[in-house]
Number of protein chains: 2
Amino acid sequence: MSETSAPARFPVTVDVVALTVVNDRLNVLLITRLIEPFRGSLALPGGFVLPGEDLVGAAARELAEETGVARMPGHLEQLGSYGPGGRDPRGDVLTVAHLLLAPNFPVLAAGSDAEHAGWYPVDQALESLDLAFDHRQILVDALERAKSKIEYSPLAAVFCGEEFTVAQLRGVYEAVWGTRLDPRNFHRKATGTAGFLEDTGRMTTGDTGRPAALFRLVDAARPAPGQPTRAVLNPPLMRPRP
Amino acid sequence: MSETSAPARFPVTVDVVALTVVNDRLNVLLITRLIEPFRGSLALPGGFVLPGEDLVGAAARELAEETGVARMPGHLEQLGSYGPGGRDPRGDVLTVAHLLLAPNFPVLAAGSDAEHAGWYPVDQALESLDLAFDHRQILVDALERAKSKIEYSPLAAVFCGEEFTVAQLRGVYEAVWGTRLDPRNFHRKATGTAGFLEDTGRMTTGDTGRPAALFRLVDAARPAPGQPTRAVLNPPLMRPRP
DNA sequence: GGGCTTTATTGTCAACCTGACGATAACTAT
DNA sequence: ATAGTTATCGTCAGGTTGACAATAAAGCCC
């Protein structure tokens, strides 16, 4: 390694692409910037990494700070890093983007930072919203990751609450992939995949139509006796390709 | 964002997990450290990011510097970031790990830095070698990425040279996955997948056994007329799971 | 050359999975 | 009760996979 001269140091931020499903549409959490640069534009929630912190921890902290939500639900993972050159007019800044898949939760407008946080439909964000920095590219990459992730992992279920119906889960797949899926084939695949769904024995009530069975995600940490708990769907639930 | 106080700055490095296949075994490029910390241990090639650089560019530069190879073959992509806390005794250092999949190339011991670079079998590196920093964890993550990557992408072929036989390609899958594959079924799948292999019309000669047809990877940048070039294998070539 | 060994390639076949879609079941609304 | 709606179960043809037989085409040894 060329460690002869003193290394350059960079500010390091974490950004979070928080995705949720609202009314069968995929939404992303964005914050209106109150300061320059990109004042008035929308940006992903995020902020500077503190000394000694780890990256996912920093992302969780920033997300909590900017939404006022203490115990963030869902699944948070690292997406990828961007920079340090050519993405902030103030100079080199490295950012480590993260992906949060979460059930819909209200953004409490508690702190001053959170006053302008809100959910925006993803397609609208990509088409017509004014996004700061390279956040449009990060959002594109996050979407591709999310689309791919739910093919091979049971993580689509984290968009739902603790208990959910097969139709709600299908709605998640349809929202993330932007396609329609056959309810009967999806039901067969979802309920037939080992280590994916666990029947709670309870049913929905009050909705229109026939009541549906309520399922929960098989807890990978506490595997059912005998049954192999899979963190991976095999075979996967592949999205339709053209 | 909490941009009130001056943000902390961190040294940022890039590390590269360079993988290749030598004699049907997966190998990784490691460098003997000549300086503290971890003097005498083996480490992934890497170094500090320079101002204004982009990450993959920095990884390519460091790799070239430390191997003496000017035009690095193969496929280089970002793997993920680690740190900044708790991974370097000298203090906070953020590192962005990268993954290189490449055909076997000689490590020229040209520069002083490269004198101690060499290929090591991956299983040996994980079991018995003394790896510096958190490079063992990075190697584990890189392996998982590589195993997964060749399921869905044609990238296994970059381990081979320009032209290769189906058997050589199968050897790559076997080396990366650590499994044996049925030659007949693999041949059917590899040659039958659209947008994957392209027959050169040429054959091997001189080897033992019947001569084999030589293929090349379909160039995604220059699609064959009519045929849909796929950067993704669909359906994938799934590794056997227990 | 003739037989043997080795590797490549083509087939065969049953099990499984998928997409398309019919048929019921069990509710709510009128 | 009747209609509308959603959930769930079945059926069926076509594609894919894993296991494995059979053939092809070279080199090797005598």
Side-chain angles (χ1 to χ4, degrees), chain A residues 23-24 150-152 160 163-174 177 179-216 228 230 232-242, chain B residues 23-24 150-152 160 163-174 177 179-216 228 230 232-242:
Chain A
N23 292 131
D24 291 322
I150 64 176
E151 288 187 318
Y152 314 111
C160 308
E163 298 187 352
F164 50 88
T165 68
V166 174
Q168 289 171 337
L169 185 62
R170 175 166 49 85
V172 167
Y173 278 92
E174 293 180 334
W177 288 344
T179 60
R180 306 292 289 176
L181 299 173
D182 184 281
R184 298 158 289 187
N185 292 338
F186 183 87
H187 188 280
R188 176 183 60 194
K189 175 72 178 174
T191 57
T193 298
F196 189 14
L197 299 185
E198 195 174 39
D199 197 331
T200 66
R202 312 201 314 115
M203 307 281 284
T204 57
T205 155
D207 290 323
T208 170
R210 173 175 169 179
L214 283 168
F215 293 84
R216 83 170 65 88
R230 323 212 167 181
V232 56
L233 262 36
N234 185 27
L237 212 164
M238 301 279 282
R239 67 183 123 161
R241 321 231 181 201
Chain B
N23 292 132
D24 292 321
I150 64 176
E151 288 188 316
Y152 313 113
C160 308
E163 298 187 352
F164 50 88
T165 68
V166 173
Q168 289 171 337
L169 184 63
R170 174 166 49 85
V172 168
Y173 278 93
E174 292 180 333
W177 287 344
T179 61
R180 306 291 290 176
L181 299 173
D182 184 281
R184 298 158 291 188
N185 292 337
F186 182 86
H187 187 281
R188 175 183 61 194
K189 176 72 179 175
T191 58
T193 298
F196 189 14
L197 299 185
E198 196 175 37
D199 198 333
T200 65
R202 311 201 313 117
M203 308 280 284
T204 57
T205 157
D207 291 323
T208 170
R210 172 176 168 178
L214 283 168
F215 294 84
R216 82 170 65 88
R230 322 214 167 181
V232 56
L233 261 36
N234 185 28
L237 211 163
M238 300 279 282
R239 66 184 124 162
R241 321 231 182 203

Looking at A:Asp199, I'd like to know if its CG atom is crowded, meaning that more than 12 non-hydrogen atoms belonging to other residues, nucleotides or ligands lie closer than 6.0 Å.
yes
Atom pairs under 3.5 Å: protein N/O with N/O of nucleotides 3-7 of chain D:
from  : atom 1 : to       : atom 2 : distance (Å)
D:dT6 : O2     : A:Arg210 : N      : 3.4
D:dA7 : N3     : A:Arg210 : NH1    : 3.1

Nearest-angstrom distance from the residue atom CZ of B:Arg180 to P of D:dC20
16 Å
I need the CD-P distance between A:Glu151 and C:dT18, as an integer number of Å.
12 Å
B:Arg188 CZ to D:dA19 P, in whole Å, measures 11 Å
Looking only at heavy atoms, the pair that brings B:Cys160 and B:Val172 closest together is SG-CG2, 3.8 Å
Using whole Å, what does the distance between atom P of nucleotide D:dT17 and atom CZ of B:Arg241 come to?
14 Å
Taking atom CZ of A:Arg188 and atom CG of A:Asp182, what is their separation to the nearest 0.5 Å?
8.5 Å
Under the side-chain contact (heavy atoms from CB on, under 4.5 Å) rule, collect the residues that match up with A:Met238, sequence neighbours excluded.
A:Glu151, A:Tyr152, A:Pro236, A:Arg241, B:Asn234, B:Pro236
Whole angstrom is fine here: how far is it from CZ in B:Arg184 over to C1' in D:dA24?
15 Å
Could you state the atom-to-atom distance from CZ of B:Phe186 to P of D:dG18 in whole Å?
12 Å
Using whole Å, report how far CE of A:Met238 lies from P of D:dT16.
12 Å
Hey, does A:Pro240 have a side-chain heavy atom less than 4.5 Å from the side chain of A:Leu181?
yes
Per the salt bridge (Lys or Arg N to Asp or Glu O under 4.0 Å) rule, what does the pair list look like for residues 200-210 of chain A, sequence neighbours excluded?
A:Glu163-A:Arg202
Side-chain N or O of B:Lys189 closer than 4.0 Å to phosphate OP1/OP2 of D:dT16:
no
Using whole Å, report how far CG of A:Asp182 lies from P of C:dC17.
18 Å
